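What follows is a set of notes on a single structure, which appears directly below.
Starting from 1, each residue takes its place in the sequence as its number. Owing to the predicted nature of the structure, the values given are computational and were not obtained by experimental measurement. In listed order, ligands and their atoms are each counted from 1.
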Amino acid sequence: MKKHLFLLMAGLVLSLAAHAQQKGRQPNILIIVSDDHAYQAISAYGGDKLMETPNIDRIAGEGALFNKAYVTNSICGPSRAVILTGKYSHKNGFRDNENSSFDGSQNTFVKELRKGGYQTAWVGKWHLETDPQGFDYWQILPGQGHYYNPDFLMMDGSRKRIEGYVANVTADVAEEWLERRDKEKPFCLVIGHKATHRTWIPDTADMGMFDEVTFPIPETFHDGYENREAARVQEMSVARDLIMGYDLKMFPDYDSIRDGNITRMNAAQRAKFKAYYKPIYEDLQARNLTGKELGEWKFQRYMRDYLATAASMDRSIGRTLDYLDRNRLTGNTIVIYVSDQGFFLGEHGWFDKRFMYEESFRTPMMMRYPGVVKPGTVSDDFVMNLDIAPTMLDAAGVAIPPDMQGESMLPLLTERNAKGRDAMYYHYYENGEHAVSPHFGIKTKRYKLIRFYKRVESWELYDLQKDPRELDNLYGKKGYEKLTANLKKQLDGLISRYEDGDARQILLHQ
Ligand code: CA
């Protein structure tokens, strides 16, 4: 029996290797993971065109744009753990940012690539608490990292502070590694960008770049959260929860700021910071805004800073793409751009993420794979961050471990008759910052069913075709009994498939 299995596995490995060989050498892999970057803020996705992101758009234009890419758990650390392992949070153990630390001894796609002959590195934001394992090189930001003069944790246990702005510094560190890598081997490099994470401090070169723009107030900005208990109790409101002396950089005295994000700036950076923000503070004082006007003022400030950090990151990505061009690596390098989740840019009145609502559940994702994925491809299949690990192994001709829960996305892009998922499963666990209730649920092509638990006990049901903004909770309404029962059955099937024992217990005890 064992021998039979071995032969079967060996055959599989050989056929995968042949598959990769047919396409030429094993491709290099570059994965760029940003933090909290909303698809609404990427010009390749059209929409309101809040800003231009030419470099991120270039990846999509020369490869595939995923219109329906989603995450399994919309928050920073957990998403990175999913990307690495190809497994849901309950399997990889990193459920939330507050209590989890990543068990680095477990398998990852990077370890599999390394066994398959790849040279591997991760630079920039990591956010998994424990030191990276399975990399030939790493140089990571501690925790959330800093926008200015960031410290890096080095492999030898030391800390190194690098003067400059984080997007530029991260691109430098990535290039330095690409320069000194073993050029005989294919590489897998992950670049973790800090942008566009809170508290959105722009590069001095970008401060004020959107000051002439008044961003449209989202239709749902003044949402009253009727019939949606979990949405009502959250603490991530732009108008109420953004902190003046932190998120919005409004200080009564710019010479006595104690916020460590600001005090770490050098004298020149600090002077520019003051020169930009102090007049805004003074103007705000003079205008004496309250209520709705103050909320909308905060929204404009939030958008201007957020998008300015995105601009620095987009430029930095352009530099990395240029490096590949200059070194004739573009033709044999897969480039993926993905955010660790989506983000609310004022929809429902919010900043932040976490909810299974579209803006945070859906993430920007694009992939360039010259010679394999046709430029200008647009995919409407359901794909997830869970799929990145198996996709990279598939591309490298390395066997996908059977316990990975994602699926290779390559057939969806290269085979006419390939069929993607009918439905996606989601589970968010954190029950702390921003007071978002834990929840799990299912999204099908048309509907979404969510079960909130722990903080709020409730169900929500949306018809995304009739109500794409998810304002009308249909759960329990007359006429939806049969649909609800069917969706619960499908949800149950996914819980079984992914072996989510926690969710199973909650459903059993409802
Ligand atoms: Ca994040």
Please confirm whether Lys445 makes a cation-pi placement over Phe382, using NZ or CZ under 6.0 Å from the six-membered ring centre and within 45° of the ring normal. yes
Step through the shown structure and confirm whether more than 12 heavy atoms of other residues, nucleotides or ligands are within 6.0 Å of CZ on Arg455. yes
Trp126 vs Phe135 aromatic rings, parallel, tilted or perpendicular, using cut-offs 30° and 60°? perpendicular
What is the number of protein N, O or S atoms that sit under 3.0 Å away from the Ca ion (ligand 1)? 6
Taking only residues two or more places apart in sequence or in another chain, which ones pass side-chain hydrogen bond (donor to acceptor under 3.5 Å, both in side chains) with Tyr453? His427
So, Glu347 and Gln40: side-chain donor and acceptor under 3.5 Å apart, yes or no? yes
Side-chain (Thr391) to main-chain (Met409) donor-acceptor, under 3.5 angstrom: yes
